[in-house]
Amino acid sequence: MQHENIIVETQGKVGVIRLNRPKALNALNDQLMDELGSALLSFDADENIGCIVITGSEKAFAAGADISAMAGYSYMDVYKGQYITRNWETIRQVRKPVIAAVSGYALGGGCELAMMCDFIIAADTAKFGQPEVKLGTMPGAGGTQRLPRAVSKAKAMDMCLTARIMDAEEAERAGLVSRIVPADKLIDEAISAANTIASMSLPVVMMIKDSINRAYESALADGVQYERRLFHSTFATEDQKEGMNAFLEKRLPNFRHL
Ligand code: HXC
């Protein structure tokens, strides 16, 4: 697929997708989301890629869904799934880890997109918010569901109802982001984390992602049971033998992703 709204590149075993609509602060229109979905699926299918990074510009990860596109939509346009949310769930099909590297604004759909990633690394300039209420609408891509799980009900209510923006420090304190780095180090830090992940056993990494995601979607006893089964199944991989033998032999493991 030809890309007009994103820039796609690889750095070693890391696939990097940069949202690139600078004039609209990376506002997420249907075309951009199609391109993003297609790039994600193609990295997921690429045997040479072990981890994916999604990032934006210095000023904006993404300032939300594209208001100029949405403004005229009717209920039927959006309900029938022709527009807006139709392609937002593609990212959930991706089985390799996806890191969001967020600098500047991550608002509305931009914040929701970041939260769909497996974890967020934030620049010290990052600003998170769900300001849809100011537009007479509400989060529509998981914001009211993922935000309370990430930052608590109180903060999610506060952000979604008042449109208050959370800075990087608060986002880290609240658990929305995993680490904060100086803005000029953001992409290096994200790629370095992605490289670390890509150096591990891919099937084991996929099982860990799967198991942590299960924690969101099940009662504790079910989640623990699911984790136990996945843990057992790592013993069916060659990489588990390699990893443990390498430790015992005091050498680095050579994972073959088998
Ligand atoms: C379309 C947008 C946009 C958006 C910014 N722009 N955000 N266009 N959709 N979400 C455009 C502006 O119109 C402007 O275009 C250019 O980007 C630069 O923006 P400015 O406002 O001039 O920049 P600044 O003054 O620095 O303010 C930055 C900002 C502000 C605080 C981020 O742009 C802003 O409040 N944006 C809207 C944020 C928002 O409400 N997001 C939620 C959207 S609803 P021109 O042509 O004038 O230069 C949503 C629902 C999700 O996301 C549903 C899930 C599917």
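Only heavy atoms go into these numbers, but all of them, side chains included; no hydrogens, no water, no symmetry mates. Every number for a ligand or one of its atoms is a count from 1 in the order of the listing. Heads up: numbering here begins at 1 and tracks the sequence.
Remark: ligand 1 and Glu112 share no N or O pair separated by less than 3.5 Å (distance only, no angle test). Residue Leu107 has no N or O atom closer than 3.5 Å to an N or O atom of ligand 1.
Less than 4.0 angstrom separates atom 52 (O) of ligand 1 from at least one non-hydrogen atom of the protein.
Of all protein heavy atoms, the one lying nearest to atom 48 (O) of ligand 1 is Lys23 O, 4.5 Å.
At a heavy-atom cutoff of 4.0 Å, ligand 1 is contacted by the side chain of Ile84 but not by its backbone.
When the shell of 6.0 Å around CG of Leu252 is examined, it contains 12 or fewer heavy atoms from other residues, nucleotides or ligands. Sparse packing is recorded around OH of Tyr79, with 12 or fewer heavy atoms of other residues, nucleotides or ligands lying under 6.0 Å away.
Every heavy atom of Gln130 sits 4.0 Å or more from the atoms of ligand 1. At a 4.0 Å cut-off, not a single heavy atom of Lys134 sits close enough to ligand 1 to count as contact.
Contact of the Ile17 side chain with the Glu9 side chain is not registered, since no non-hydrogen atoms from C-beta on lie closer than 4.5 Å. Here the side chains of Arg146 and Met116 are in contact, with some heavy-atom distance below 4.5 Å.
A salt bridge is defined here as a Lys NZ or Arg NE, NH1 or NH2 lying under 4.0 Å from an Asp or Glu carboxylate O, and Arg173 with Glu170 fails to meet this definition.
Under a hydrophobic-cluster definition in which Ile, Leu, Val, Met, Phe, Trp and Tyr are linked whenever side-chain heavy atoms come within less than 4.5 Å, directly or via other members, Ile165 and Ile180 are assigned to different clusters.
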